[in-house]
Amino acid sequence: MNHLLLVTKREYINRVRNKAFVIMTFLSPLLMIGMAALVGFLSYKNSDTERHINILDESNLFKSELVSTERYKYTFLTDVDLSEAKTLTEESDLYGLLYIPKSENLEDLSRKVEFYSEGTPSLSVIEQIERVIENKINLLKIQEEGLDADYLASLQIDVNVRLESFKGQESSKLASTLKLAFGGLAGYLLFMFIIIYGNMIMRSVIEEKSSRIIEVIVSSVSPMKLLLGKVFGTALAGITQFAIWVILLVVLGGVASSVFGVESTPMQSEMSIEQASQFADVIQIGIAEIQQLPLLNLFVMFLFFFIGGYLLYASLYAAIGAAVDNDADSQQFMMPILMPLMISVYVGFFTVIEEPHGVISKIFSYIPFTSPVVMLMRIPFGVPIWAQLLSVFILFGTFILVLWFAAKIYRVGILVYGKKPSYKDLLKWMKY
Amino acid sequence: MNPILDIKNISKSYGEHQALNNVSLQVPEGSVFGLLGPNGAGKTSLLRIVNQIILPDTGEVLFDNQPLKKLHIQDIGYMPEERGLYKSMKVGEQAVYLAQLKGMEKSVAIEKLKFWFKKLGIAEWWDKKIQELSKGMAQKVQFIVTVVHEPKLLIFDEPFSGFDPINAQVIRDEILELSNKGATIIFSTHRMESVEELCEYIALINKSRCILQGKLIDIKRNFRTNTFRLGLLTDNPSHAKEIIEQSYTTTITDFKSIDEELKLEIQLGEGNTNELLSFVSQLGRITHFEEVIPSASDIFIQTVKNN
């Protein structure tokens, strides 16, 4: 069997069978879902608690507006003054006291409503109360002026500016958000993939060095094939892990939402019919926008940049693994790898969002060490095909160059023991 | 004899440091060859070049009269000085992997490996991991993966370092058996006495140069000094010594014996042994008489001095 294939296979099988790897693969989605479920459950429980609020309504306007619901229980106090009401509320350990004074005019009233409570009340409670009072006062004001409320409502007009490119491609603010989400997701995925599996490759190289098997291996396989086999095998293991994660997340997510789905209906029922229809509209527009994205382009380029970016960084990680004897010594060489990765994420999430076709975004989408992340984030905003291809071309060209240097360092490094190499040593090794 | 390995004018430098300087040597097919020299002389660099792990700066290596190529990897078994096995892989599994890397079919590899495992009494370790094995066991595995693909040329770099005496003996016997079956064996070591008795041919490497090579017996003949070791039991040793010194150059020496006798090394020069023997036998009882044969390390030291 071909050497490259053998090495790749061993690397893959060994990685996938590794206990830590298996545990990580199956535990992380469970943890993620578990955390999400826990947070969801806690906030549900939190909003589920009944809040008992006393109301002293001296204006007598809101008796019909503040009606008790499942979550809010309102009790209207009568025949007491404010200080009595406060003592009463505090002694019976209720959530709070809403005080609405009697007032000559509505403006005055709107400024004099007060809420007394033990600590700082929840924002959502206050907002809820404010909304109810606001609506009522607005209505009263309209009636006071002798206007027809329904007529006024019919005059209300929503403005939604439509965005269109010169080529006639329509877009919207929503589309921009979606584009960012797509690009950001792709860029972030690549970033995580490189860091997780790049480190794995480095460890695998260090392991072969520290177990002293490396010389036995390179007497049968050329260092270049060994290096590439490691990079490929680890990538395959990574893809396997990602695939399992996606499947598990979908399945577990489905299970979780079907369990919690029933209980979350009360929240949805609180959404007014108007809001619901708006929500449905947004979803419909969203789907249409997604369909308008250059999906095929995005997908193909995602593959190219993902593979190219991974290969580029993976060969660097392998070279570093070969240069050092243990994990601790590798730290000094991590900086030059992590820096461009961090820069690409920063540029991606700050500059590209602000100005997808600005000079900085453009420059960084051609530099091979940052282009995978930055270009992937720019593509949803429309990048000419030739520019994408140029960037891919530069990326793969650099990969081959870096691979060549990495293989040189690798060749020498794997046979050097007991010495913490400096950058100067690495340069020297390239000349051997 | 036809050389299986013909190393021609190899030089190799690492930056400023020259590891090999115009080294040439021939390893005859079917021989047991000792590559001897102190630490850092360049032996391992030379072996790495033969195994195509590193490339020489100048010079050429012929294997079986052909320039060394990738396909020759299958014909060479190499046990490097820095050796080990994957800690987390099962023994059998990684032995199969390493055999496959040497070009064996998987099924053949398994069959041959099982045979060897049984032969060295470690069959029950097939499914264990290396970290569960003792060092001696691991080294048996190491030996097996070196020889399993039945290469024409076997190279052992410091083969017995780290072996306990019993396992060293087992491995030594196995190597000799392979040699009898026709394989060419190269031992590389800085502990010259450890392999001297096994080697038919030797090459001495010092400070990146090959300073001496050839058939061990021929070399020893060249370095013999016509010196004899004598043990003489006599009533008056100092008197006997004086008498001998009148005719011969002697030095006091020591060797194991039962008696407290006079122990001398006598340089015979042009004289012959019969004369010497009849001369000393008059002085007392001869308990020892043998020619002093220079050891490889004696030869080495002498050659280095002369250079």
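Heavy atoms only: backbone and side chains are in, while hydrogens, waters and symmetry mates are out. Chain identifiers are assigned alphabetically (A, B, ...) following the order of the sequence lines, protein sequences preceding nucleic acid strands; residue numbering begins at 1 within each chain.
Residue-level contacts of residues 13-23 of chain A with chain B, in order of numbering, are A/Asn14, A/Arg17; threshold 4.5 Å between heavy atoms.
Within 6.0 Å of CZ on A/Phe242 lie more than 12 heavy atoms contributed by other residues, nucleotides or ligands. More than 12 heavy atoms of other residues, nucleotides or ligands sit less than 6.0 Å from atom NZ of B/Lys119. Environment of CE in A/Met334: crowded, with over 12 heavy atoms of neighbouring residues, nucleotides or ligands closer than 6.0 Å. Taking a 6.0 Å sphere around CZ of A/Phe304, one finds it holds 12 or fewer heavy atoms contributed by other residues, nucleotides or ligands. Other residues, nucleotides and ligands place no more than 12 heavy atoms under 6.0 Å from the CZ atom of B/Arg209. Sparse packing is recorded around CD1 of B/Ile166, with 12 or fewer heavy atoms of other residues, nucleotides or ligands lying under 6.0 Å away.
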**Message:** What verdict does the side-chain contact (heavy atoms from CB on, under 4.5 Å) test give for A/Ile213 and B/Gln94, after you've listed the backbone C-alpha separation in whole Å, the side-chain angles of each residue and the deciding distance to 0.1 Å?
**Reply:** CA-CA 11 Å; A/Ile213 196 178; B/Gln94 65 179 310; 4.0 Å; yes
**Request:** Decide salt bridge (charged side-chain N to carboxylate O under 4.0 Å, His left out) for B/Arg48 and A/Glu215; before the verdict, give the C-alpha distance in whole Å, the side-chain angles of both, and the deciding distance to 0.1 Å.
**Result:** CA-CA 9 Å; B/Arg48 283 178 178 166; A/Glu215 197 165 347; 2.8 Å; yes
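Highest contact tally toward chain A, considering only B/Ile73, B/Asn51, B/Ile76, is held by B/Ile73 [criterion: heavy-atom pairs under 4.5 Å].
At least one side-chain heavy atom of B/Leu98 sits less than 4.5 Å from a side-chain heavy atom of A/Ile217. Within the 4.5 Å cutoff, side-chain heavy atoms of B/Met89 are placed close to those of A/Arg10. Residues A/Val218 and B/Tyr78 fail the side-chain proximity criterion, which asks for heavy atoms closer than 4.5 Å.
B/Lys87 NZ to A/Ser211 OG: the interatomic distance, rounded to the nearest 0.5 Å, is 5.0 Å. Separation of atoms OG (A/Ser222) and NZ (B/Lys70) is listed at 5.5 Å; rounding is to 0.5 Å. The distance from the CD atom of A/Glu208 to the OH atom of B/Tyr86 is 3.0 Å, given to the nearest 0.5 Å.
Closest of all the heavy-atom pairs between B/Leu101 and A/His3 is O-NE2, 2.6 Å. Of all the heavy atoms in A/Ser219 and B/Lys102, the pair that sits closest is O-NZ, 3.6 Å. When all heavy atoms of B/Gln142 and A/Val216 are compared, the pair lying nearest together is NE2-CG2, 3.6 Å.
In this view, B/Asp127 satisfies the side-chain hydrogen bond (donor to acceptor under 3.5 Å, both in side chains) rule with no residue, not counting sequence neighbours.
Listed for the B/Arg83 side chain is no donor-acceptor partner under 3.5 Å among the backbone atoms of A/Ile214.
Looking at B/Glu93, only its side chain comes within 4.5 Å of chain A, counting heavy atoms on both sides. Using a 4.5 Å cut-off between heavy atoms, B/Gln74 does not touch chain A at all.
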